[in-house]
S.K.: 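Mind having a look at this structure? Questions to follow.
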Amino acid sequence: MALTTAPRVRSDALPLRTFKAKGRPSAIFGLGVHAPARVLSNVDLESLMETSDQWITERTGIKRRHIAEPGTTTFSLATEAARKALAAARVKAEEVDAIIVATSSPDGPFPSIACRMQDELGAPGSYAYDILAACTGFVYALEQADSMIASERADTVLVVGAEVLSRMLEYSNEYRHTAVIFGDGAGAAVVRPAPAGAGFKAWCLGGDGRGYAQVTAGNVPLGAYAAKDERPIIDMKGPDVFKFAVDIFIRQAYAIAQEAGISIEDIDLFVPHQANYRIIEAAARRIGLPMERVAVNIEEYGNTSTATIPLALHDAVAAGRVKSGDRVLLAGFGSGLTWGAGLLEWA
Ligand code: COA
């Protein structure tokens with residue numbers, strides 16, 4: 001049964017900020033994805049640590065993840081996905097006004113991946129930068145693209161989520177709760193002014209730094225650099241993050257639907273951050289959305305942080321599950337803690 005009143009809010013939960021899209025509306029016009037060819041199955045992991053295909057499948061829904069060869073750059077995955085998105089949107093690189101790359105696994109402190117892509121793709125003069133909002137990064141970046149188009153500061157924005165998270169994984173018993181979850185991959189979207197009626201309608205973005213230590217890579221509280229931690233390893237408080245994730249998906253869905261003036265039943269496709277099938281399923285059930293209206297491809301890629309939403313959206317579009325006029329809810333959460341959701345009417 002769909003929610004008709006505000007969901008119960010946990011006593012420590014922060015209020016959600018929602019925004020109606022204003023100005024010139026924007027929409028997604030082309031998607032591109034790229035994942036490394038090498039696949040690590042659950043059965044492969046059984047020989048690296050004490051785990052089993054059954055445990056991973058039942059606890060997470062993940063069957064495989066794509067893992068980059070050592071030495072692979074996040075930049076290279078990002079660029080492959082971007083080229084495909086530009087081709088799908090029939091947009092030339094020279095037409096791109098801005099490139100925003102969301103990543104949790106940059107190749108280094110600076111320069112940005114976006115600047116390197118600007119040169120590689122041939123988008124001279126476009127403004128280019130990376131953002132860090134962990135797994136919520138792709139939604140944050142989309143919202144920035146929407147703002148640029150709304151305010152007429154840009155007509156064509158390339159938004160990318162790309163990760164080589166395997167650099168920060170350790171395939172050992174100590175880290176089996178994270179090693180089995182994450183994978184590598186990239187997804188990109190071309191954002192442009194929407195035709196009449198279509199485009200992003202509302203946003204919900206936020207963060208709760210009190211949860212800073214819940215999903216980390218490297219020393220807490222110093223951070224990897226200050227601690228001279230050369231290979232930060234991803235760690236997390238799994239059960240705590242699980243509860244936060246279900247809660248924030250439900251609250252965001254309700255808040256954004258209210259901001260956009262629609263009801264939950266009007267959502268045709270929910271594209272959640274793919275962190276754990278059980279999180280997605282529990283949230284969808286409590287929101288009141290049947291799984292036929294939820295995009296899930298976690299079995300193939302695992303959690304690719306900023307890349308999960310474009311990967312899942314791309315696969316849903318490729319499968320013919322999204323048509324013009326459909327209302328699509330993109331929603332994420334991640335380290336920080338952060339969260340973000342965007343509601344759009346497909347162009
Ligand atoms: N294989 C086998 N057993 C494992 C395991 C693995 N890969 N990982 C953990 N376990 C074990 C634990 O050691 C624990 O054993 P114990 O009871 O003997 O101590 C048991 O499984 C239960 O651990 P717990 O952490 O409570 O499991 P869980 O059911 O919460 O599942 C996660 C663990 C990580 C899959 C789950 O908590 C999760 O997905 N959380 C959300 C994380 C998330 O979304 N992170 C991304 C943020 S963007």
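These values consider heavy atoms only, across backbone and side chains, with no hydrogens, waters or symmetry-generated copies. What you see is a predicted model, and the numbers here were worked out from it, not measured in a lab. Atoms within each ligand, like the ligands themselves, are counted from 1 in listed order.
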S.K.: To the nearest 0.1 Å, how far is atom 13 (O) of ligand 1 from its closest protein heavy atom, and which atom is that?
M.R.: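 Looking only at protein heavy atoms, the one closest to atom 13 (O) of ligand 1 is R176 NH2, 2.9 Å.
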
S.K.: Answer yes if a protein heavy atom lies under 4.0 Å from atom 25 (O) of ligand 1, otherwise answer no.
M.R.: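 Yes.
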
S.K.: Can you check which of S305, A245, P239 brings a heavy atom nearest to atom 30 (O) of ligand 1?
M.R.: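 The nearest heavy atom belongs to P239.
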
S.K.: Any side-chain donor-acceptor pair under 3.5 Å between E265 and S263?
M.R.: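 Distance-only check passes for E265 and S263.
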
S.K.: Please list all pairs meeting side chain to side chain donor-acceptor pair (under 3.5 Å) that have one or both residues in residues 224-252, counting only residues at least two apart or in different chains.
M.R.: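 As it turns out, the side chain to side chain donor-acceptor pair (under 3.5 Å) pairs with a partner in residues 224-252, which skip direct neighbours, are H177-D235.
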
S.K.: Check ligand 1 against R278 and write out every atom of the ligand that is under 4.0 Å from a heavy-atom position of the residue.
M.R.: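 Contacts of ligand 1 toward R278, numbered from 1: 29 (O), 31 (O).
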
S.K.: I want to confirm something. Looking only at heavy atoms, which of G238, C135, S52 is nearest to atom 41 (C) of ligand 1?
M.R.: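 Heavy atom nearest to atom 41 (C) of ligand 1 belongs to G238.
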
S.K.: Strictly inside 4.0 angstrom of atom 16 (P) of ligand 1, do you find any protein heavy atom?
M.R.: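 Given the 4.0 Å limit, the answer for atom 16 (P) of ligand 1 is no, no protein heavy atom qualifies.
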
S.K.: Report the nearest protein non-hydrogen atom to atom 43 (C) of ligand 1: residue, atom name, distance rounded to 0.1 Å.
M.R.: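 For this ligand atom, the closest protein heavy atom is V241 CG1, 3.7 Å.
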
S.K.: Give the intermediate values and the outcome of side chain to side chain contact (heavy atoms under 4.5 Å, CB included) for residues R65 and I181.
M.R.: CA-CA 8 Å; R65 68 286 292 143; I181 304 276; over 6 Å; no

S.K.: Less than 4.0 Å from atom 32 (C) of ligand 1, is there any heavy atom belonging to the protein?
M.R.: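 There is no protein heavy atom less than 4.0 Å from atom 32 (C) of ligand 1.
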
S.K.: With a 6.0 Å cut-off (strictly less than), is the heavy-atom count around CZ of R38, excluding the residue itself, greater than 12?
M.R.: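 More than 12 within 6.0 Å, yes.
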
S.K.: Report yes if some heavy atom in the side chain of F75 is under 4.5 Å from a heavy atom in the side chain of M117; otherwise report no.
M.R.: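 In short, these two side chains touch, coming nearer than 4.5 Å.
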
S.K.: Tell me whether R192 forms a cation-pi arrangement with F29, defined as NZ or CZ under 6.0 Å from the six-membered ring centre and within 45 degrees of its axis.
M.R.: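 Not flagged: R192 not positioned over aromatic ring of F29.
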
S.K.: Hey, is atom 22 (C) of ligand 1 touched by any protein heavy atom at less than 4.0 Å?
M.R.: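 So atom 22 (C) of ligand 1 lacks protein heavy-atom neighbours under 4.0 Å.
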
S.K.: Any idea which heavy atoms bring W339 and T136 closest together, and the distance?
M.R.: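 Smallest interatomic distance, heavy atoms only, reads C-CG2, 3.2 Å.
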
S.K.: Measure from the side-chain N and O atoms of N276 to the backbone N and O of R278, and report whether any donor-acceptor pair falls under 3.5 Å.
M.R.: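 Confirmed, N276 side chain pairs with R278 backbone.
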
S.K.: Is I56 close enough to touch ligand 1? Criterion: a residue heavy atom under 4.0 Å from a ligand atom.
M.R.: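 In this structure, I56 fails to qualify as a contact of ligand 1 - no heavy atom is under 4.0 Å.
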
S.K.: Could you list which atoms of ligand 1 come closer than 4.0 Å to a heavy atom of V180?
M.R.: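 Numbered from 1, ligand 1 contributes 7 (N).
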
S.K.: Using protein heavy atoms only, decide if any is under 4.0 Å from atom 37 (O) of ligand 1.
M.R.: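 Yes, because at least one protein heavy atom sits under 4.0 Å from atom 37 (O) of ligand 1.
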
S.K.: Hey, are the side chains of F333 and V241 touching, using non-hydrogen atoms and a 4.5 Å cut-off?
M.R.: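 Yes - at least one pair of side-chain heavy atoms lies under 4.5 Å apart.
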
S.K.: Output yes when a side-chain donor or acceptor of K63 lies under 3.5 Å from a complementary backbone atom of E299, and no otherwise.
M.R.: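 No; judged by distance alone, with no hydrogens or angles, the pair does not exist.
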
S.K.: Counting non-hydrogen protein atoms only, what is the nearest one to atom 5 (C) of ligand 1? Give residue, atom name and distance.
M.R.: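 Result: W55 CH2, 3.3 Å.
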
S.K.: Return the residue, atom name and 0.1 Å-rounded distance of the protein heavy atom closest to atom 29 (O) of ligand 1.
M.R.: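 So the nearest neighbour among protein heavy atoms is R59 NH2, 2.6 Å.
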
S.K.: For ligand 1, which atoms, with element, lie under 4.0 Å from some heavy atom of T60?
M.R.: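 Answer for ligand 1: 35 (C).
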
S.K.: Does the protein put a heavy atom under 4.0 Å from atom 19 (O) of ligand 1?
M.R.: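 Under the 4.0 Å cut-off, atom 19 (O) of ligand 1 has no protein heavy-atom neighbours at all.
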
S.K.: Could you tell me, atom by atom, which parts of ligand 1 come under 4.0 Å of a heavy atom of H273?
M.R.: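 Per the distance check, 48 (S).
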
S.K.: Students should be able to answer this: which protein heavy-atom is nearest to atom 47 (C) of ligand 1, and at what distance?
M.R.: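 Answer, as residue, atom name and distance: F333 CE1, 3.8 Å.
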
S.K.: Which heavy atom of the protein is the closest neighbour of atom 44 (O) of ligand 1, given with residue, atom name and distance?
M.R.: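 Atom 44 (O) of ligand 1 sits closest to the protein heavy atom A275 CB, 3.4 Å.
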
S.K.: In the protein, what heavy atom is nearest to atom 45 (N) of ligand 1, and what distance, to one decimal place, separates them?
M.R.: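 Ranked first by proximity to atom 45 (N) of ligand 1 is M236 SD, 3.1 Å.
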
S.K.: Kindly give the heavy-atom pair with the smallest separation between A253 and I264, and that separation in Å.
M.R.: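 Minimum heavy-atom separation between A253 and I264: O-CD1, 3.8 Å.
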
S.K.: Any idea which heavy atoms bring T103 and T74 closest together, and the distance?
M.R.: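 Reported closest heavy-atom pair: OG1-CG2, 3.8 Å.
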
S.K.: Is it true that, when you exclude R17 itself, more than 12 heavy atoms of the residues, nucleotides or ligands shown sit nearer than 6.0 Å to its CZ?
M.R.: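 Count not over threshold, so no.
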
S.K.: With distance as the sole test, does R24 use its side chain to make a donor-acceptor pair with the main-chain N or O of P193 at under 3.5 Å?
M.R.: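 No; zero donor-acceptor contacts below 3.5 Å.
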
S.K.: With heavy-atom distances below 4.0 Å as the criterion, list the atoms of ligand 1 near I279.
M.R.: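 That gives atoms 41 (C), 44 (O) of ligand 1.
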
S.K.: Starting from atom 1 (N) of ligand 1, what is the nearest protein heavy atom, named by residue and atom, and what distance separates them?
M.R.: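 Closest protein heavy atom to atom 1 (N) of ligand 1: T51 OG1, 2.7 Å.
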
S.K.: Going by heavy-atom distance to atom 46 (C) of ligand 1, choose the closest among I181, V215, N303.
M.R.: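 Ranked by closest heavy atom to atom 46 (C) of ligand 1, first place is N303.
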
